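The structure appears below as structure tokens.
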Amino acid sequence: MMRKTSVILLSAATGAALTLFVTQPRAVFMGSSARAATADTYRQLNLFGDVFERVRSDYVEKPDDTKLIESAISGMLSGLDPHSSYMDAKSFRDMQVQTRGEFGGLGIEVTMEDGLIKVVSPIDDTPASRAGIMANDIITNLDDEAVQGLTLNQAVEKMRGPVNTKIKLKIIRKGQDNPIDVTLVRDNIRVRSVRARVEADDIGYIRITTFNEQTTEGLKKEVANLSNQIGDKLKGFIIDLRNNPGGLLEEAVTVSDSFLEKGEIVSTRGRNAEETQRRTAHAGDLTKGKPVIVLINGGSASASEIVAGALQDHKRATIVGTRSFGKGSVQTIIPLGSGNGALRLTTARYYTPSGKSIQAKGIVPDIEVLQDVPDELKSRTDTKGEASLRGHLKNDGDEKTGSQSYVPPDAKDDKALKMADDLLHGIKNSASAAPTPGADKAAADKPKAAN
């Protein structure tokens, strides 16, 4: 029997869509040691059964059997790593809705930290962004109910809902003495993942906010529009992946392919050698060889890092900004049958074309550019990255934590964008703009604020 699965690349954020592929079940051959291990496993399962029956019969109130099982499954998966989880049937349906890029909600990418909900970033032009919700805000209450004790999926479920309904959030923000109460009206969230504009009259600026099913088509459309608008004076393109938490593996591959003529884009490697897959580029550069600058920062994760890593390794683009998040793992969505939800299970690590794993390390930019941060925001503009997440997959060598994720709201104050402009106009070149030896290490090792 063949099983449909979906591959997804995320930071610890919610909100990415899915893509499907089919895998064959594995044949299993057991020796004596494997049989002994299996026998021990069955003893442990008997222990679980004993505990389950004792809870059902003796707990002070009659428990819900379904909730007991789902909680047990959630606990098992959350104990693996920060990105594996169980989705009940409704959560799985919601994720499938998100695959289409449209749902009723607030427009916030979130993660769970110390039992509370942390904002990774608000999605552009949504109730959250319009209300001033900021990255690293901590959400402690939803409609006066504490989020402590809820799973990430349960909290997300409470934030979603019918369009035009209200929800009240209590927020703790660093630099603010008192909690902030914000009432938001849910809207139809259309995740427009690609936006573009003409920069400095002769540069195409393209911002990719997430990698969903529409991203590659959106990129193609915007490249064509910008090329027509600017015409022969087009100097090149800036691809802004800052604070992009990731999304679909296949979209990361096709976006990378849009700028490459040939060569490997990414490889994924599971625990068995036969599971290794390599994705390669096809002839046809969408930009016809125009120079490309890619902007990244501490909020650029997963699919964003695949694109940056592929273009960097092939020397197709100059990477500008600060070190990325460092999520180098792949999650597979495994449906569990009608009405039973799905598993989101970490099944592989991914590697850049040079064979490098960025897990818990991130992509180091070719040119590091630190932003000038307003005094009132200095305590909350760094992210600790993948290496700071409890239970994260380990990597060989030194893991890296801490990278600036602040993007100035006004483009004229954006030093990374200014650097990209200067590079494309020939005012600076990569060699002269690159940090001095050891500069990146020094920046990486300085104390960072909590994410």
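Owing to the predicted nature of the structure, the values given are computational and were not obtained by experimental measurement.
The minimum heavy-atom distance between Thr322 and Gln404, with the atom names listed, is OG1-O, 2.7 Å. Pairing each heavy atom of Glu368 with each of Pro365, the nearest pair is CA-CG, 4.2 Å. The shortest non-hydrogen separation linking Leu226 to Gly204 is CD1-CA, 3.7 Å. Closest approach of Thr352 to Gly309, counting heavy atoms only: CG2-CA, 4.2 Å. The shortest heavy-atom contact between Gly105 and Pro127 is O-CG, 4.2 Å. In terms of heavy-atom proximity, Ala387 sits nearest to His392 at O-CE1, 2.9 Å.
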Test side-chain hydrogen bond (donor to acceptor under 3.5 Å, both in side chains) applied to Asp81 and Thr346, step by step = CA-CA 8 Å; Asp81 69 88; Thr346 300; 3.0 Å; yes
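Scanning for salt bridge (Lys or Arg N to Asp or Glu O under 4.0 Å) contacts around Arg349 gives an empty result, with sequence neighbours left out. Partners of Glu399 according to the salt bridge (Lys or Arg N to Asp or Glu O under 4.0 Å) rule, which considers only residues two or more places apart in sequence or in another chain, do not exist here. For the salt bridge (Lys or Arg N to Asp or Glu O under 4.0 Å) test, residues two or more places apart in sequence or in another chain that qualify with Asp414 are Arg242. Scored by the salt bridge (Lys or Arg N to Asp or Glu O under 4.0 Å) test, Asp257 finds no partners at all (sequence neighbours excluded). Scanning for side-chain contact (heavy atoms from CB on, under 4.5 Å) contacts around Gln176 gives Arg173, Ile180, with sequence neighbours left out. Contacts of Thr254 classified as side-chain hydrogen bond (donor to acceptor under 3.5 Å, both in side chains), with partners at least two apart in sequence or in another chain: Thr216. Residues meeting the side-chain hydrogen bond (donor to acceptor under 3.5 Å, both in side chains) test with Arg197, sequence neighbours left out: Glu199. Legend: residues meeting side-chain contact (heavy atoms from CB on, under 4.5 Å) with Ala128, ordered by chain and number and at least two apart, are Ile108, Pro122, Thr126, Ile133. For Lys233, the side-chain contact (heavy atoms from CB on, under 4.5 Å) partners are Asp201, Asp202, Ile230, not counting sequence neighbours. Contacts of Asp375 classified as side-chain hydrogen bond (donor to acceptor under 3.5 Å, both in side chains), with partners at least two apart in sequence or in another chain: Lys378.
Gln359 places a side-chain N or O within donor-acceptor distance of the main-chain N or O of Leu393, the cut-off being under 3.5 Å. Distance alone, capped at 3.5 Å, places no donor-acceptor pair between the Ser256 side chain and the Ile265 backbone. Put simply, the side chain of Thr210 gets close to the backbone of Gly246: a donor and an acceptor are under 3.5 Å apart. Of the possible polar contacts, one joining the Gln371 side chain to the Lys415 backbone as a donor-acceptor pair under 3.5 Å is found. A donor-acceptor pair under 3.5 Å is absent between the side-chain atoms of Gln331 and the main chain of Ser85, judged by distance alone.
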When the side chains of residues 181-189 are checked against the rest of the protein, which donor-acceptor pairs come out under 3.5 Å, sequence neighbours left out?
| from | atom 1 | to | atom 2 | distance (Å) |
| --- | --- | --- | --- | --- |
| Asp181 | OD1 | Lys170 | NZ | 3.1 |
| Arg186 | NE | Met159 | O | 2.9 |
| Arg186 | NE | Arg160 | O | 3.3 |
| Arg186 | NH1 | Thr165 | OG1 | 2.8 |
| Arg186 | NH1 | Lys166 | O | 3.4 |
| Arg186 | NH2 | Lys158 | O | 2.8 |
| Asn188 | ND2 | Glu102 | OE2 | 2.9 |

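Counted by atom type alone, Glu261 and His314 present zero donor-acceptor pairs between their side chains at under 3.5 Å.
For residues 294-320, every residue pair satisfying the salt bridge (Lys or Arg N to Asp or Glu O under 4.0 Å) rule, not counting sequence neighbours, is listed here: Asp285-Arg316.
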